[in-house]
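Residue numbers start from 1 in every chain, and the chains themselves are labelled A, B, ... in the order their sequence lines are given, proteins ahead of strands.
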There are 2 protein chains.
Amino acid sequence: MGPGTRDALIDAAAGLLDEGGVEAVTLREVGRRVGVSHNAPYKHFANKETLLAAVAARELQRRVAIPPETRERRPSPEEELRATMHRYIAWAREHPARFKLVFGAWSVDSQELGTAAHSAQAQLTGIVTAAQDTGALPPGDPVRLASLFRALAHGGADLASAGHLAPDGKGHASPEQLIDDLLGYLRVAAEAAHPPTSRSGPASSTSSPA
Amino acid sequence: MGPGTRDALIDAAAGLLDEGGVEAVTLREVGRRVGVSHNAPYKHFANKETLLAAVAARELQRRVAIPPETRERRPSPEEELRATMHRYIAWAREHPARFKLVFGAWSVDSQELGTAAHSAQAQLTGIVTAAQDTGALPPGDPVRLASLFRALAHGGADLASAGHLAPDGKGHASPEQLIDDLLGYLRVAAEAAHPPTSRSGPASSTSSPA
DNA sequence: ACCTGAACACCGTTCAAGT
DNA sequence: ACCTGAACACCGTTCAAGT
């Protein structure tokens, strides 16, 4: 069997996606690239949407399971949060078609997609909780705070990729800058919420988990 | 001529867009609804994308020029900003296909689309500046602060419309709540930036324009 | 269990005409 | 100036076969 026709089909679809966007992904061209007939894909996927869902699931799984080497030790949870959001934005900018596919409406509900998304969500929430413990973020529901970052990064990346962020062509506000701005405001808000002058030493000392 | 074939084509395309998303907009079905042949649209638009751009431009123009009656006097610029962002989110939720079309990549660069977008941007920046004057928002570049709100509202609406915001089906964070959260954090940051205890009376007194 | 070839209904777009 | 009808190349999907 060798590489497996199914994986080859997913590979070909992903390649077409990167080259020409989702509308360039054609079952006939996918079959052509793999070297099978134009309807061989129907023996592995129910239809075109199911094949696209498989591409999205693979992309999301790869992103969640980033090799630990590249996740170098960050100096603080706040910097890890910043780096995670910047990575998210860079991914959206470098692979806009994959980004739109993964976060588009999933007509078919793939189990793979759901669990991968949930895993990414949990990972981010963990970083947010750690950043709250160091005083970089204000207290409160970490899931909600994580959603705030995720929505900002998502919207910034989407607007930027469509050219709707900078108003006059000036580099007036990159999505990365917006993330940095939010981190700055939240640090100020966190310090106002529980000032570090209260009783103990430096606020960045490790505290007990929430 | 009556209503004009061109406008009728745009109407039909908008109707199909609302009913079945962008992939339901077909030049042949548009012609069918208007009662002309399947390629009569080519006498009014260069191609399908140009017709879609006209639909997007009309939608954006309508949104920018909201009848002043509905823009009731808000008690403060902060509340006007909140209402503007909530309106944006409600629009995205009620008309997801129009939302995606307007903010998708514009392959054809329509002059109409550009100026309407610029006008919406300027309108939002004005509200932000007013909110800064009342001390509800921290000082700094108002264009950048407006981009922060716009990116958050956009991302929240997009994630919510695709079902990617609430992690467990719980109503854990609506886009509107995220906007409210951001407004709360920015108010705290604004008060920390220039505390109202400095010299003058209540911070909400009208000041000179920026 | 996997693949092929013909076929169907649908598209976007072009072109030669019509009035 | 606006519209029509035929035609072309392309799709997604189905079906009857093949091994």
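Distance check, rounded to the nearest 0.5 Å: CG of A:Leu16 to CG of A:Asp11 gives 11.0 Å. How far CG of B:Leu159 is from CG of A:Asp158: 9.0 Å, rounded to the nearest 0.5 Å.
Mapping A:Arg32 and A:Ala46 onto DNA chain D by nearest heavy atom places A:Arg32 at the nucleotide closer to the 5' end. The nearest heavy atom of DNA chain C to A:Gly35 and to B:Thr26 marks one nucleotide each, and the one closer to the 5' end goes with A:Gly35.
When distances run from any side-chain atom of A:Leu27 to the nucleotides D:dT13, C:dG12, D:dG5, the shortest one goes to D:dT13. Distances from the side chain of B:Ser37 to the nucleotides D:dT4, C:dC3, C:dG12 place D:dT4 closest.
In this structure, B:Arg98 fails the cation-pi test against B:Trp91, since its NZ or CZ atom is not both closer than 6.0 Å to the six-membered ring centre and inside 45 degrees of the ring normal.
In this structure, the CG atom of B:Leu52 is 12 Å from the C1' atom of C:dG12, given to the nearest Å. As rounded to whole Å, 4 Å separates atom P of C:dC3 from atom NE2 of A:His44. Summarising the geometry, the separation between CZ on B:Phe45 and C1' on C:dG12 is reported as 16 Å, rounded to the nearest angstrom. To the nearest angstrom, P of D:dC11 lies 17 Å from CG of A:Asn47. The separation between B:Lys43 atom NZ and C:dT13 atom P is 13 Å, rounded to whole Å. Between A:Arg28 atom CZ and C:dC10 atom C1' the separation is 12 Å, expressed in whole Å. Here D:dT13 presents its P atom at 12 Å from NE2 of A:His38, a figure rounded to the nearest Å. To the nearest angstrom, C1' of D:dC11 lies 15 Å from CD of A:Glu49.
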Scan the side chains in residues 35-45 of chain A for donor-acceptor partners under 3.5 Å anywhere in the protein, sequence neighbours excluded, and list what turns up.
from    : atom 1 : to      : atom 2 : distance (Å)
A:Ser37 : OG     : A:Asn39 : OD1    : 3.0
A:Ser37 : OG     : A:Ala40 : N      : 3.4

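The phosphate of D:dC2 (OP1 or OP2) has no side-chain N or O of B:Thr5 nearer than 4.0 angstrom.
Checked by distance alone, B:Asn39 brings a side-chain donor or acceptor within 3.5 Å of a matching partner on the base of D:dG5.
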Review point. Under a 3.5 Å cutoff on both atom distances, Watson-Crick or G-U, what's the dot-bracket for DNA chain D ([ ] crossing, | other strand)?
Key: ||.|||||...|||||.||

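Taking 4.0 Å as the cut-off between side-chain N and carboxylate O, A:Glu19 and A:Arg33 count as a salt-bridged pair. The pair A:Glu79-A:Arg82 meets the salt-bridge criterion, with a side-chain N (NZ, NE, NH1 or NH2) lying under 4.0 Å from an Asp/Glu carboxylate O.
Applying the side-chain contact (heavy atoms from CB on, under 4.5 Å) test between B:Leu137 and each of B:Leu148, B:Thr129, B:Val128 identifies B:Val128 as the sole match.
A:Lys48 comes within 4.0 angstrom of the backbone, heavy atoms only, and of no base.
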